[in-house]
Amino acid sequence: MQHDDVIWDLIGNKSFCSYKVKTKTQQFCRNEYNITGLCNRSSCPLANSQYATVREEKGLCYLYMKVIERAAFPARMWEKVKLDRNYAKALEQIDENLIYWPRFIRHKCKQRLTKITQYLIRIRKLTLKRQRKLVPLSRKVERREKRREEKALIAAQLENAIEKELLDRLKQGTYGDIYNFPIHAFDKAMEKQEEETESEEEEEEDEEESGTREFVAEEEFEESDLSDFEDMNNLKGSSDEEEDAEEQSSEEEETEEELEEEKTKAKSKGKTPLKGPVRKKRAYVEIEYEQETEPAQKSKAT
Amino acid sequence: MKSKGDISPVQEMEQAEIEVTENKSESGACFPPTFSVSEIKNKQRRHAMFLKLKEEKRKQKLELKKKKKKERKALGDQAPPKEVPKTIENQRIYDETTVNPEDEEVAFDEGTDEFSAYFNRLTNPKVLITTSDRPRGRTVRFCEQLATMIPHAHVYYRRGLALKRVIPQCISRGFTYLMVINEDRKVPNGLVLCHLPDGPTAHFKVSSVRLRKEMKRRGKDPTEHVPEVILNNFTTRLGHSIGRMFAALFPHDPQFVGRQVATFHNQRDFIFFRFHRYIFKNEKKVGIQELGPRFTLKLRSLQKGTFDSKFGEYEWVHKRHEMDSSRRKFHL
């Protein structure tokens, strides 16, 4: 015999129900056949001998019904009816199957069906959009990679490599006539070609001195406009390494003539970028003087 | 060495200590030749034995060194040249695809590959930088800084668009590169570099990103001048193609007036990117000052054609179990 009230008295209020989840304000029911999800007298599948639910499996909705006649046969207790994919037709099917059933259960079944169809539509829409794929990281591998990266960084000696590369490019003459001291390269090239003459050496030495003097003096000059450089770049032409030999030989001939030009070009170098690396050293000094409390300690330490 | 299994623990300990002291008092080792430290069952004693063994080995090594040094001194000028220490770069397994500078086949390939248009000066680079969905502040700032470094670069917000739809639009607007910076947990961690007309797509893992304000002793912001490009250590065929990919990001003619240089340095399959400003103090010395962000890249896959992760043809994919098994084998 089914004594629903007795069952409810036991599990609902007084004693224990394993499907019940209690929170501060509400009680929920974890039973998979529960229609609302709350723990109520009318929604408890255990405490109602006539009960119905709508559940979804793999995108299809089914109507489950339980009647008192089958209460003695647990294996056959729930009757499963497949609902139509069409929402309106499914609603009609529910009405048809649950005709003469209490209003509450019919209403809640239809509400549940509505919610289920809504989320199924959403799933279908989302799968069409871009799916973000989460790739799991292996902690061991990540640690290993990080360590290898650090070691590689140390082995790379980046700054030395970059400086070496830049000096090589300078020697090869890719920079053309911008810098007025690739005399060393000229010397080497000349030694290789075995065309040294004393006069040339003397001239080059003079130019070296004058070059360095010019360079130092240029730091005091103010910035000049960018447009000048673009013009000068156009004058010099492209900077391909293939034109090295030509440039070297041409430079040797034109060094005297270009002294004046070099002055202006060197002037152009006296822009803010020049202050950058020089500022490296200055900045360090400035920090000591500018800060208020800390430098006292720093100066003592140093 | 007495057998230690029979005696009680306390006595064993005492005996061990006595033996240890005895061994220490003796100058040389007295380990019988078939003895192995791993056969001792007791952990503490095993550890003690192991430490002794190490000590012995260290002593021997020192003696050997001293002897060699003496011999060197004695020989003076006739001493054999100093041996070169082994480094990972020395011991690197030779890769068959290492490119010989005079290789004709490679030269021919490079004359006809997707970058030939750039290297023949038919196209100018134009880069579109974007991110994955909903980028956080760090990634956004990283993109902005990248855009200041790479000339003709534009940053666009992603807005949840699919890359396959973005690419035809980019091509129609004349972009040559698409750079997508992937983000995970508010930090950039991936880079997809896609050469646009129909070019290869490279997917990198990004690590150690330092934005400009996190860098110590940096210079002012980079100017609009076209920087020079330095590509170091791209030796194999794969490395070569990746190197060309990086080179094609920047316009052809660097403006030496700007004195800025972007470096891609490959070391043990990690590509370090740095952006510097240089100044020649004299012909033997150059000072460099780092501007700009820095990051390291590690190539994960290179795919022929534009971005198509499902049906694309992959030229190279990093397979961890095959490729990471040897510590001396590198692919770039």
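This structure is a prediction, so every number in the text was calculated from the model and none was measured. Below, read A as the first sequence line, B as the second, and so on, with proteins coming before strands; counting in each chain starts at 1. FYI, side chains are in, hydrogens and waters are out, and symmetry mates aren't considered; it's all heavy atoms of this structure.
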Counterpart residues, salt bridge (charged side-chain N to carboxylate O under 4.0 Å, His left out), relative to B:Asp184 (two or more places apart):
none
Toward chain A, the part of B:Glu89 with a non-hydrogen atom under 4.5 Å:
side chain
Under 4.5 Å heavy-atom distance to chain A, tell me which part of B:Leu291 shows up: side chain, backbone, both or neither.
neither
When B:Asn233, B:Val261, B:Val229 are compared by non-hydrogen pairs under 4.5 Å with chain A, the top option:
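The answer is B:Val229.
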Chain A shares the most heavy-atom pairs under 4.5 Å, among B:Leu163, B:Leu161, B:Thr87, B:Ile88, with B:Leu161
Under 3.5 Å donor-acceptor pairs involving side-chain atoms of residues 140-152 of chain A, not counting sequence neighbours:
unit_1, atom_1, unit_2, atom_2, d
A:Glu145, OE1, B:Lys298, NZ, 3.3
A:Glu149, OE1, B:Ser207, OG, 2.9
A:Glu149, OE2, B:Ser208, OG, 2.5
A:Glu149, OE2, B:Thr296, OG1, 3.0

Do B:Phe273 and B:His265 make the cut of ring centroids closer than 6.0 angstrom?
no
Indicate, with yes or no, if the rings of B:Phe204 and B:Phe246 have centres closer together than 6.0 Å.
yes
Here the pair of heavy atoms bringing B:Tyr156 nearest to B:Thr130 is O-OG1, 3.1 Å
Tell me whether B:Arg210 contacts the main-chain N or O of B:Pro293 through its side chain, where contact means a donor paired with an acceptor under 3.5 Å.
no
What part of A:Leu158 gets closer than 4.5 Å to chain B, counting heavy atoms only: side chain, backbone, both or neither?
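Looking at A:Leu158, just its side chain touches chain B.
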Under 3.5 Å, which donor-acceptor pairs do the side chains of residues 320-332 of chain B form with other protein atoms, sequence neighbours left out?
unit_1, atom_1, unit_2, atom_2, d
B:Asp324, OD1, B:His318, NE2, 3.4
B:Ser325, OG, B:Glu322, O, 3.2
B:Ser326, OG, B:Arg328, N, 3.1

Applying a criterion of heavy atom separation less than 4.5 Å, what residues of residues 113-125 of chain A form contacts with chain B?
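Against chain B, none of the residues of residues 113-125 of chain A fall inside the cut-off of heavy atoms under 4.5 Å.
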Side chains of B:Thr223 and B:His225, donor plus acceptor under 3.5 Å:
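Indeed, the side chains of B:Thr223 and B:His225 share at least one donor-acceptor pair under 3.5 Å.
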